[in-house]
Amino acid sequence: MFELKANYDACEGHGNCVQLAPDHFDLGEDGVVIITNARFGDSDLGVLEAAVRSCPVSALWIERH
Amino acid sequence: MNHGTVIVGSSVGGVKTAQRLRDEGYDDPIVIIGAEEDEPYDKPPLSKQFLAGEWSTERISLLSRADAGRSGIGLRLGTLVSSIDLAGRRVVLADGERIAYSNLVIATGASARPTPWDSPPGVRLLRTLEDSRTLRNDLAQATQLMVIGAGLIGTEVAATANRLGVAVTIVDPMRGPVERVLGRELSEQLGRLHQDHGVETHFETSVNGIRSSSGGFLADLSNGSSIESDMVLAGLGSVPNTGWLRDSGLVLRDGVVCDEYSRAIGAPGVFAVGDVARWFHRGIRQYVRVEHWANASEQAACVAHNIVRKRDLRAHQPVEYVWSDQYDWKFQIVGRLTGCPVTQLVEGQRKEPPQLAVLGSDDSGRLSGAGVANWQKAALACRQLLAEGANVGDAVTAVEAIA
């Protein structure tokens, strides 16, 4: 079991994460990321690692539970 | 025998390729060879937060030695590769050491274009962390900065310097700043933004030469005037770092020429990533070289995939994305806005700073690019619409719906 985490202060609203994993991320009116679906399993790890790596300001990370 | 992957270049493209390889379960050896001594660092803050003295070197780190160690990524810094033996699948270092590879990733980026004039010493360029440290020191003592070239680097440095209390002058032969990337409407907005902050601008003007003066530098402009300053930054674009590949046998044409999968032409097992790569973009049916962060990051992910899944190659066909932060404005460009015969403007609710989206279409009526200011949600929407091949009318409706 994994969980998505975000540094909301660092987020600049580029939206790369939303592009790559629209089922897990969205962008708010204020341009800051919203994690819509934080917990996930092995089958989604690949896509979500790519989404985390795509962030230009390294505002996302994955915690393992 | 499997020799793993050798990555030449320790910036965004090289580091992200290594990280994505490990993410994809690649277990073979990976080594990143970088010419600079500095541990891998991110580029965007060099003209902004790092330059302003707000962020430290740690904050802009891309890959620490500790993280590299934990991921089994070898890091050879301050190391120059002098040549590639394509047939023998080895790189040759400056000291003669040979490192064998099964896959080679060329990620040596680009260098700041040098000034064409016979300048006195001290005219600055900005590309590396070392350049940014030098600029940061200069700015601490400067009173007057002359910026030659109103591209992304020039204007971002101008904004940073202005906020540090330095008087700034910008000179560029184009009609407005960053016009090639921003398009006409947003270029005008950006020009006004600088002027509103007290930056002196000279557009449709070129620099004939730079001389020394008692105060520092004297730039002679094509409009007959001469501008004195105690600091000069030239932001004249960049040149891909392919000199070291001259005798390699790789196809070079303003970058390393690759197919749609980022594989170097005629060189099995060799890929190119980022600013140094000129690859065939299947979406626009042309060879392109893109010098933006998002491209390096996406191409790195693509190359890592193609190294691990050789029988299931993925074409690198990104929707282009570039951003620029100046003063309290955020500009985001998706696709290509210049050369769009028709553009439409949509305004959002907020006025300070204003939310603006300029949508451009080509003759087919499809959305081909969008330039957005201060409106991340609209920029993201345009990116998705571009990826879907939406026509501009539908795109305008979609953006109006979130206004």
Side-chain angles (χ1 to χ4, degrees), chain A, chain B residues 12 15-25 42-45 48-49 55 59-63 67 292-298 300-302 304-305 308-309 314 318-319 321-325 330 332 334 348-350 355 372 374-384 386-387 402-403:
Chain A
M1 202 24 72
F2 303 96
E3 186 174 359
L4 290 165
K5 294 288 205 180
N7 177 344
Y8 297 96
D9 289 329
C11 175
E12 291 184 349
H14 295 285
N16 293 352
C17 55
V18 183
Q19 283 269 91
L20 287 171
D23 292 338
H24 293 268
F25 298 101
D26 198 355
L27 210 57
E29 292 302 321
D30 53 358
V32 179
V33 66
I34 299 170
I35 298 177
T36 57
N37 206 351
R39 292 189 174 238
F40 61 96
D42 283 320
S43 57
D44 292 319
L45 185 58
V47 167
L48 288 168
E49 275 179 330
V52 165
R53 290 266 186 239
S54 75
C55 178
V57 296
S58 303
L60 302 170
W61 70 98
I62 295 171
E63 263 175 27
R64 189 182 234 100
H65 290 288
Chain B
V12 178
V15 169
K16 296 250 176 223
T17 303
Q19 292 172 324
R20 288 300 296 151
L21 277 169
R22 287 293 182 237
D23 287 349
E24 300 252 20
D42 210 0
K43 288 273 173 41
K48 301 184 283 285
Q49 301 96 332
W55 287 3
R59 177 90 193 247
I60 65 172
S61 167
L62 268 183
L63 181 71
D67 286 335
H292 304 312
W293 192 100
N295 182 65
S297 173
E298 284 179 57
C302 185
H305 172 100
V308 174
R309 281 168 244 281
R314 200 164 81 199
V319 169
Y321 174 56
V322 57
W323 76 90
S324 183
D325 300 324
K330 180 172 211 77
Q332 292 170 281
V334 296
Q349 305 251 4
R350 202 183 50 218
Q355 292 177 315
V372 181
N374 311 310
W375 202 4
Q376 287 93 322
K377 238 181 134 62
L380 182 59
C382 289
R383 252 171 123 179
Q384 287 162 330
L386 253 172
I402 60 175

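Order of the sequence lines fixes the chain letters, A, B, ..., with proteins taken first and strands second; residue numbering starts at 1 for each chain.
At a threshold of 4.5 Å between non-hydrogen side-chain atoms, the residues A:Cys17 and A:Val33 count as touching. A:Ile34 is not listed as a side-chain neighbour of A:Leu27, based on a closest heavy-atom distance of 4.5 Å or more. A heavy-atom distance below 4.5 Å is found between the side chains of A:Leu4 and A:Leu48.
Residues A:Val57 and A:Cys11 come closest through the heavy atom pair CG2-CA, 4.3 Å.
Considering only residues two or more places apart in sequence or on other chains, A:Ala38 meets the side chain to side chain contact (heavy atoms under 4.5 Å, CB included) condition with A:Glu3, A:Ile35.
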Which side chain or backbone donor-acceptor pairs connect chain A with chain B at less than 3.5 Å?
from    : atom 1 : to       : atom 2 : distance (Å)
A:Glu12 : O      : B:Gln376 : NE2    : 3.1
A:Glu12 : OE1    : B:Lys330 : NZ     : 3.3
A:His14 : O      : B:Arg383 : NH1    : 3.0
A:His14 : ND1    : B:Tyr321 : OH     : 2.6
A:Asn16 : OD1    : B:Arg383 : NH1    : 2.7
A:Asn16 : OD1    : B:Arg383 : NH2    : 2.7
A:Leu27 : O      : B:Lys377 : NZ     : 2.6
A:Arg53 : O      : B:Lys16  : NZ     : 2.9
A:Arg53 : NE     : B:Asp23  : OD2    : 2.9
A:Arg53 : NH2    : B:Asp23  : OD1    : 3.1

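Separating the CD1 atom in A:Ile62 from the CZ atom in A:Phe40 is a distance of 4.0 Å, to the nearest 0.5 Å.
Only the backbone of A:Cys55 has a heavy atom closer than 4.5 Å to any heavy atom of chain B.
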